[in-house]
Amino acid sequence: LAKNDIDYVQMQQLMLKRIQEDTRATQGSTGVAQISPSVMMAMEKVQRHRFVPQRYDEYSYDNRPLPIGNGQTISQPFIVALMTELLNLEKTDKVLEVGTGSGYQAAILAELVGQVYTIEIIQTLADQAAETLANLNYENVKVKLGDGYRGWPSEAPFDAIIVTAAATEIPPPLLQQLKAGGRMIIPLGEQNEVQQLKLITKAESGEITISEVLAVRFVPLTGDH
Ligand code: SAM
């Protein structure tokens with residue numbers, strides 16, 4: 001290992017510790033006592049510095065969002081872990097992500113499930129993320145340029161859907177593309193303010209249940225939908 005790699009590993013270990021600390025601190029609101037071993041293993045396997053712009057390299061493992069260009073961000077590691085945890089993923093799941101950004105969350109998902117579909121509305125980011133994911137040999141992630149509000153009808157239905165930009169309402173196409181028995185995690189609320197992270201479950205009967213998880217701050221879901 002080069003000196004740099006040792007630094008990354010040490011910083012990452014600290015990041016993993018912070019994730020569990022934040023999880024314990026927010027348990028009253030989220031109901032999550034700790035992030036499960038499988039999700040923590042994915043957080044350990046994926047090197048966040050591969051998804052962070054060079055100029056922020058030294059902050060790669062800080063437990064906070066970082067700029068990725070085009071006014072967008074890579075999300076806070078704790079939030080990535082929490083959202084992933086709440087999806088309660090199984091190996092055979094097919095997952096849709098709206099808001100590819102850097103591709104980091106998609107890589108975490110790809111460590112846990114069979115197939116990940118992710119949509120990004122900004123061309124540069126979609127291209128960059130696809131390149132990063134290809135360089136890291138993630139063959140089970142498909143990146144698409146487009147408005148994720150509409151979902152990915154040709155690949156629906158999905159076992160789980162994760163939206164990583166703030167919406168003012170649950171996009172009806174996404175709800176439609178969620179399998180019976182499926183779960184969706186999405187920040188909902190006014191844009192440029194604090195939103196509520198919501199967990200939505202679709203029962204086998206089709207009945208929808210919505211629960212509040214945590215106050216969060218995400219960049220807005222854009223597009224002309
Ligand atoms: N999940 C990302 C990661 O791991 O780096 C972080 C996502 S960032 C907080 C939100 C992303 O959603 C931005 O890249 C933004 O361009 C994208 N976005 C916003 N509106 C969108 C839409 N309607 N469809 C698809 N992507 C959208």
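Counting starts at 1 for both ligands and their atoms, following the listed order. This structure is a prediction, so every number in the text was calculated from the model and none was measured. Hydrogens, waters and symmetry mates play no part in the numbers below; they use all other heavy atoms, side chains included.
In terms of modelled atom types and a separation under 3.5 Å, the side chain of Glu207 and the main chain of Lys202 share no donor-acceptor contact. Counting only distance, with no hydrogens or angles, the side chain of Ser75 and the backbone of Val80 share no donor-acceptor pair below 3.5 Å. The backbone N or O of Asn140 sits less than 3.5 Å from a side-chain atom of Gln115, completing a donor-acceptor pair.
With respect to the salt-bridge test (charged N to carboxylate O, under 4.0 angstrom), the residues Asp5 and Arg50 do not qualify. Classification of Asp159 and Lys179 as a salt-bridged pair holds, one side-chain N sitting under 4.0 Å from a carboxylate O.
Only the backbone of Pro220 comes within 4.0 Å of ligand 1, counting heavy atoms alone; no side-chain atom from C-beta on gets that close. Residue Gln72 touches ligand 1 through its side chain alone, judged by heavy-atom distances below 4.0 Å.
Side chains of Tyr61 and Gln10: no donor on one and acceptor on the other come within 3.5 Å. For the residue pair Ser36 / Glu85, a side-chain donor-acceptor distance below 3.5 Å is found, with atom types taken as modelled. Tyr8 and Asp57 form a side-chain donor-acceptor contact under 3.5 Å, judged by distance and modelled atom types alone. Side-chain atoms of Thr84 and Gln105 include a donor-acceptor pair closer than 3.5 Å.
In the vicinity of Asp147, heavy-atom distances shorter than 4.0 Å reach the ligand 1 atoms 22 (C), 23 (N), 24 (N). Set against the non-hydrogen atoms of Ile122, the atoms of ligand 1 under 4.0 Å away are 16 (O). Below 4.0 Å from some heavy atom of Gln105 lie the following atoms of ligand 1, by number and element: 1 (N), 4 (O). For ligand 1, the atoms lying closer than 4.0 Å to a non-hydrogen atom of Tyr104 are 4 (O). Below 4.0 Å from some heavy atom of Thr73 lie the following atoms of ligand 1, by number and element: 6 (C), 7 (C), 8 (S), 9 (C). Set against the non-hydrogen atoms of Ser75, the atoms of ligand 1 under 4.0 Å away are 6 (C), 9 (C). Close contacts between ligand 1 and Ser102 involve ligand atoms 3 (C), 4 (O), 5 (O) [criterion: under 4.0 Å to a heavy atom]. Each of the atoms 24 (N), 25 (C) of ligand 1 lies under 4.0 Å from some heavy atom of Gly146.
Nearest protein neighbour of atom 20 (N) of ligand 1, counting heavy atoms only, is Thr222 N, 2.9 Å. Scanning the protein heavy atoms around atom 7 (C) of ligand 1, the nearest turns out to be Thr164 OG1, 3.3 Å. Among protein heavy atoms, atom 27 (C) of ligand 1 sits closest to Ile121 CG2, 3.6 Å. Of the protein's non-hydrogen atoms, Glu120 OE1, 2.7 Å is the one closest to atom 14 (O) of ligand 1.
Ring-plane geometry between Phe51 and Tyr104 is classed as perpendicular, the angle between the planes exceeding 60 degrees on a 0 to 90 degree scale with a lower cut at 30.
When each of Glu97, Met184, Arg183 is paired with Ile162, the side-chain contact (heavy atoms from CB on, under 4.5 Å) condition holds for Glu97 and for no other.
Taking distance alone, with nitrogen or oxygen atoms compared against 3.5 Å, Gly99 approaches ligand 1 more closely than that limit. Considering backbone and side-chain N/O atoms, Gly148 comes within less than 3.5 Å of an N/O atom of ligand 1. Some N or O of Glu97 is nearer than 3.5 Å to an N or O of ligand 1, by distance alone.
Distances from atom 2 (C) of ligand 1 to the heavy atoms of Val98, Leu125, Thr100, Ile74 put Thr100 nearest.
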